[in-house]
Amino acid sequence: MAKRSDLMTKGPERAPHRALLRADGLTDWELERPIIGIANSFNEIIPGHMHLDKLVDAVKAGVYAAGGTPLVFNTIGVCDGIAMNHVGMKYSLPSRELIADSLEIMATSHPFDGLVLMASCDKIIPGMLIAAARLNIPSIFLSGGPMLPGKIHGKDTGLDKVFEAVGRFSSGKMTQEELDYYECTACPGAGSCSGMFTANTMNNLSEALGMSLPFNGSAPAVFAERIWLAKQTGYQSVALVNHNITPRDIMTPEAFYNAIAADMALGGSTNTALHIPAIAYYAEVDLTLKDFGNLTEKIPHLTSMAPAGPHHVVDLFHAGGIPAIMAELLKSNLIHAEPMTVCGKPISEMLSDIHAGIKDVSVIRSTDRPVHKTGSLAILSGNLAPDGAIVKQAAVADEMLTHSGPARIFDSEDDAFQAIVDAKIQKGDVIVVRYEGPRGGPGMQEMLSPTSALAGMGMDKEVALITDGRFSGASRGAAIGHISPEAAAKGPLAALRDGDIIEIDIPRKSLNVRLSEDDIQKRISALPEFEPKIKTGYLARYAQMVSSADRGAVFPR
């Protein structure tokens, strides 16, 4: 059977190609085998990626054991935590498309028979899955695994508590010495940050989507299970090639439904509402922000994970991981049984083979005893968000589920954060951060610093924050993001003025301002044309091409 790699290895006319591959050290028998490209995002900056140079050796061993030839190449990765609260965060979401483009370039210029995609964090994971959807050659994803939690005063903790500690320090509730203690204790080593933040949400959802092996999202970075997974992933990549199982065989509409259902059960990051629709878009599956809303009322929330709860991803692993959650949802007929997986089997058969089930009911609840009866995320709409907005309702205090208050308008995250730490925000205010959407930012910055400052100062139960930007998975409180259309596209958010009364009703899924439609349109008509904040370089090009958040902030296909 002809292989994709024959384009660079077969026939006398490919002698120059083979000469270069032989210069890499490849032998006759290696050139005859399926060639597996390993897309590794190792760097020494991101804790979730700093060990991928070691993990890749296990993947290569698995590829060789299965009769394939592994070839490694690299791509970029941004650490959202380090990029947070400065201009670097503008580049985080845009890096997703750049990563996808780089994989497309590498896997087309060098026609691999299959791909192993290695990443741990935030935008790098969906960037690789987008590339898999676009290329549609046999592909499998491997995470570097979650970080273990740190210990502060005997309690498990993570990076989110350091951000919140900054808020307590700013308000005089914490000393410099205490802040230093948090800084040096919260992140003990390799892995993606220990709570159910964006990185670990996407790593776990890769399983639910069918694109990675069981426990890919929860086996910790430093456990032996992570090495086992890496070897098995390499091995399975060759099986996918031999059976010609491609990403679009796996990433079907039903598989995306399953991923969203798992997201609701997990209590995952709001950023999934950007990444899942984007992956679907490039897989030519029609999915938008409002489709998440269709599952909010149907899927129960089964875990209580940091930042909203006491557990961390290592606890999820010991409790049975995503397989346990999927088995529980399947038992209640809340997910589809038939979608194919990278195991080469439908998800129901895969779950049966590994005897998936809940091992600790204090971490993963049954569907008849959930943490919440409805999903962790809520999609809001109204005259402020005609195309939708999102909130992690599982992380909102009960007293803030409904709230109305005067708007405090800021046209940048930096200005809003400074007002918070300078104690210029009053109880009951609704902080509005606009012109931070995909186009307006540009790049749709995460706003962990202002939300963490509010939480650290004890104001997360008194103040709401709404934005056309987005939030880290570590954010908590009444933080409503992805408001679409964004202000830069002359969405209703652009019409707001200080003092306008904002009405938030999360149980009723509504977000409104006390203005008539006529008043909103008159104000918008009087606005000048949006002036881009960045006029040169990658972000300037990105702003010209990117869609709104409700479509996943994607480029034209």
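Atoms considered below: every heavy atom in the structure, side chains included; atoms not considered: hydrogens, waters and symmetry mates.
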Over 12 non-hydrogen atoms of neighbours within 6.0 angstrom of [atom1] in [X]:
X      : atom1 : value
Lys54  : NZ    : no
His318 : NE2   : yes
Arg369 : CZ    : no

[X] side chain to [Y] main-chain N or O, any donor-acceptor pair under 3.5 Å?
X      : Y      : value
Asn204 : Gly217 : yes
Gln445 : Glu436 : no
Ser120 : Gly191 : no
Thr303 : Ile364 : no
His482 : Ile390 : no
Thr296 : Gly375 : no
Glu338 : Pro346 : no

[X] versus [Y]: any side-chain heavy-atom pair under 4.5 Å?
X      : Y      : answer
Val63  : Tyr235 : no
Asp263 : Ile276 : no
Ile279 : Phe256 : yes
Arg96  : Ile130 : yes
Asn258 : Glu254 : no
Thr451 : Asp460 : no
Leu148 : Val222 : yes
Ile125 : His275 : no

### Pairs meeting criterion side chain to side chain donor-acceptor pair (under 3.5 Å) with involvement of residues 463-473, two or more places apart
Asn271-Arg470, Glu446-Arg470
### Message
Any carboxylate oxygen within less than 4.0 angstrom of a Lys/Arg side-chain nitrogen, looking at Asp387 and Arg551?
### Response
no
#### Entry: Residue pair Ser269, Thr201: steps toward the side chain to side chain donor-acceptor pair (under 3.5 Å) verdict
CA-CA 6 Å; Ser269 163; Thr201 303; 5.2 Å; no
#### Entry: Derivation of the side chain to side chain donor-acceptor pair (under 3.5 Å) call for Asn216 and Ser206
CA-CA 8 Å; Asn216 174 72; Ser206 71; 3.2 Å; yes
### salt bridge (Lys or Arg N to Asp or Glu O under 4.0 Å): pairs with one or both residues in residues 287-315, sequence neighbours excluded
Glu297-Lys509
Hey, can you pull the donor-acceptor pairs under 3.5 Å for the side chains in residues 135-143, sequence neighbours left out?
unit_1 : atom_1 : unit_2 : atom_2 : d
Asn136 : OD1    : Thr246 : OG1    : 3.2
Asn136 : OD1    : Arg248 : N      : 2.9
Ser139 : OG     : Ile137 : O      : 2.7
Ser143 : OG     : Gly145 : N      : 2.7
Ser143 : OG     : Asn203 : ND2    : 3.2

### Task
Output, in order, the C-alpha distance, side-chain angles, deciding distance and verdict of side chain to side chain contact (heavy atoms under 4.5 Å, CB included) for Ser218 and Val313.
CA-CA 6 Å; Ser218 58; Val313 183; 4.0 Å; yes
### Task
Could you go through the side chain to side chain contact (heavy atoms under 4.5 Å, CB included) check for Lys392 and Phe471 one step at a time?
CA-CA 10 Å; Lys392 191 172 184 176; Phe471 298 103; over 6 Å; no
### Message
side chain to side chain contact (heavy atoms under 4.5 Å, CB included) for Val391 and Thr270? Distances and angles first, verdict last.
### Response
CA-CA 7 Å; Val391 63; Thr270 55; 5.8 Å; no
#### Entry: Spacing of CZ belonging to Phe317 relative to NZ belonging to Lys359, to within rounding of 0.5 Å
9.0 Å
### Task
Find the distance between CD1 (Ile354) and CD (Glu349) and round it off to the nearest 0.5 Å.
12.0 Å
### Message
Does His336 form a side chain to side chain contact (heavy atoms under 4.5 Å, CB included) with Tyr257? I'd like the steps, not just the answer.
### Response
CA-CA 8 Å; His336 296 282; Tyr257 176 102; 3.5 Å; yes
### Task
Quick one: closest heavy-atom pair of Cys121 and Ser192, and the distance?
SG-CB, 4.1 Å
